[in-house]
A.B. asks: 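My questions will all concern the structure given below.
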Amino acid sequence: ATATIGVVGLAVMGSNLARNLASREGNTVAVYNRTTAKTDELIAEHPEAGFVRTTTVQELADSLQRPRTAIIMVKAGAATDAVIDELTEVFEPGDIIVDGGNALFTDTIRREAAIRDTGIHFVGCGISGGEEGALNGPSLMPGGPAESYETLGPILASIAAVAEDEPCVTHVGTDGAGHFVKMVHNGIEYADMQLIAEAYDLIRRGTGKSPAEIADVFQEWNSGELASYLIEITAEVLRQTDEATGEPLVDVILDAAGAKGTGAWTVQTALDLGVPVSGIAEAVFARSLSSRLGQREAARGLPGPSQEWTVDDPETFVEDVRQALFASKIVAYSQGFDEIAAGAAEHGWDIAKGDVAKIWRAGCIIRAQFLGRITEAYADDPDLSALLLAPYFRQALGEAQEAWRRVVVTAAQAGIPAPGFSSSLAYYDGLRAEQLPTALIQGQRDFFGAHTYRRTDRDGVFHTLWSGDRSEVSAD
Ligand code: 6PG
């Protein structure tokens with residue numbers, strides 16, 4: 001056996017990860033794909049990688065040094081189960097199977113539990129950074145047994161992105177913790193993208209700037225507190241001209257956003273956990289709305305605001321939008337970290353939130369300067385009740401909130417949808433409210449279903465005899 005690690009599944013992500021592994025000192029990579037032609041293609045294209053060619057899982061197992069480690073990079077779902085079953089047949093106790101796909105964390109929990117008794121370690125590992133990240137350094141979010149991390153950790157660290165001399169990988173927690181955190185990463189990614197899109201839309205319609213001019217705005221923002229990969233690529237996309245028509249590319253791309261499901265999982269899971277991730281949810285729904293082309297077509301004649309919208313001072317408006325974007329982004333991250341905390345509590349994971357922010361600083365899609373602030377916030381106070389309450393974020397929100405309100409008001413008046421900005425602001429105001437109208441909801445629930453309520457002035461549970469003499473009784 002000569003190989004130190006195996007990669008199963010050689011589509012773009014798998015091939016790139018295999019090449020990344022092979023390029024690091026000390027690694028010899030065995031590659032396997034169900035269709036051998038694909039394996040041969042990769043080997044032929046990259047002789048420098050010194051791949052070990054295997055054509056069956058048995059050959060793969062035979063080629064690997066012990067404890068064997070194989071990373072599965074197949075389409076999440078049934079294919080993952082099939083490969084795990086095959087590998088389980090040929091692997092031995094102590095060997096490690098890593099699933100690097102975007103698996104649903106509950107599947108990962110199930111898979112880990114199912115093979116635990118064989119003594120083989122199963123590690124669900126979130127991998128972020130797209131094709132480019134897989135090749136040059138992704139952000140890695142492994143879960144699974146802590147013991148397996150002793151073998152796996154150094155291998156993953158060797159291929160991970162690096163932020164301030166630290167590899168972007170940590171053992172997130174046991175079983176499905178890695179995939180859970182990757183899922184929330186994607187939810188935040190959806191929110192980030194939606195907020196950026198809203199900012200672009202408002203600036204374009206408010207100031208009449210061209211996409212290329214707005215690209216300059218984003219480029220400038222990229223040198224401030226918003227500095228991030230997504231802001232950077234936004235400028236590039238906006239600057240792109242369509243070859244066929246000479247129009248800005250963004251004007252010829254159909255405005256119906258796709259989604260592969262991880263954003264929806266983040267929201268579904270948050271609903272189950274009772275965590276309000278409204279910013280993320282709006283981002284998922286905004287994509288759904290955009291894709292309902294027939295309905296949108298049918299609704300086109302609905303009336304909008306009767307008054308023309310003009311922006312008096314474009315420069316001030318652009319700055320307001322920047323602040324609204326930053327504030328809404330803080331809300332999205334705060335909500336995402338709430339979901340991580342709730343998931344950890346529910347599933348018994350010991351997740352260091354500051355470390356999660358740390359491994360997102362480079363390699364992944366949501367990489368941003370901002371993440372260093374999150375790490376600092378949790379380092380200063382690991383028990384922070386909400387991320388947005390950390391001093392840095394609290395101050396940033398305080399400074400941005402007036403501009404944020406102006407932007408939301410303007411969007412509503414102009415008839416421009418800004419669901420991310422407005423729902424984040426509503427969340428902010430809801431969270432800081434002295435009193436919420438939910439007392440009334442409790443009253444209504446008690447009225448029609450005797451669902452009971454608690455009081456502000458006394459302990460206990462109460463019910464009003466709504467259909468009787470309307471006196472209050474204890475319902476303890
Ligand atoms: C990443 C990305 C990656 C991908 C998702 C989301 O972290 O590298 O999140 O996993 O972009 O599949 O894609 P959709 O937008 O298609 O849901």
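Order of appearance sets the numbers: ligands from 1, and atoms from 1 within every ligand.
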A.B. asks: Could you tell me whether Glu319 and Arg322 have a side-chain N and a carboxylate O separated by less than 4.0 Å?
C.D. replies: yes

A.B. asks: Tell me, which pairs form a salt bridge (Lys or Arg N to Asp or Glu O under 4.0 Å) where one or both residues lie in residues 347-374, sequence neighbours left out?
C.D. replies: Glu164-Arg361, Glu166-Lys358, Glu166-Arg361, Arg373-Glu376

A.B. asks: Out of Asn16, Thr4, Val29, which one pairs with Leu21 under the side chain to side chain contact (heavy atoms under 4.5 Å, CB included) rule?
C.D. replies: Val29

A.B. asks: Backbone N or O of Ser424 within a donor-acceptor pair of the Ser328 side chain at under 3.5 Å?
C.D. replies: no

A.B. asks: In a simple table, one pair per line, please give the protein and ligand 1 atom names for every N or O pair closer than 3.5 Å, along with the distance.
C.D. replies:
from     : atom 1 : to     : atom 2 : distance (Å)
ligand 1 : 7 (O)  : Ser128 : OG     : 2.4
ligand 1 : 7 (O)  : Lys182 : NZ     : 3.3
ligand 1 : 8 (O)  : Ser128 : OG     : 3.4
ligand 1 : 8 (O)  : Gly129 : N      : 2.9
ligand 1 : 8 (O)  : Gly130 : N      : 3.1
ligand 1 : 9 (O)  : Asn186 : OD1    : 2.9
ligand 1 : 9 (O)  : Asn186 : ND2    : 3.2
ligand 1 : 9 (O)  : Glu189 : OE1    : 2.6
ligand 1 : 9 (O)  : Glu189 : OE2    : 3.2
ligand 1 : 10 (O) : Asn102 : ND2    : 3.0
ligand 1 : 10 (O) : Lys182 : NZ     : 2.9
ligand 1 : 11 (O) : Glu189 : OE2    : 3.4
ligand 1 : 15 (O) : Arg287 : NH1    : 2.8
ligand 1 : 16 (O) : Lys260 : N      : 3.3
ligand 1 : 16 (O) : Lys260 : NZ     : 3.1
ligand 1 : 17 (O) : Tyr190 : OH     : 2.5
ligand 1 : 17 (O) : Lys260 : N      : 2.8

A.B. asks: Using 4.0 Å as the upper bound for N to carboxylate O, is an ion pair formed by Arg300 and Glu297?
C.D. replies: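 Judged by the 4.0 Å cut-off on N to carboxylate O distance, Glu297 and Arg300 do form a salt bridge.
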
A.B. asks: Is any side-chain N of the basic residue among Arg204 and Asp201 closer than 4.0 Å to the acidic one's carboxylate O?
C.D. replies: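 The answer is no: the pair does not qualify as a salt bridge.
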
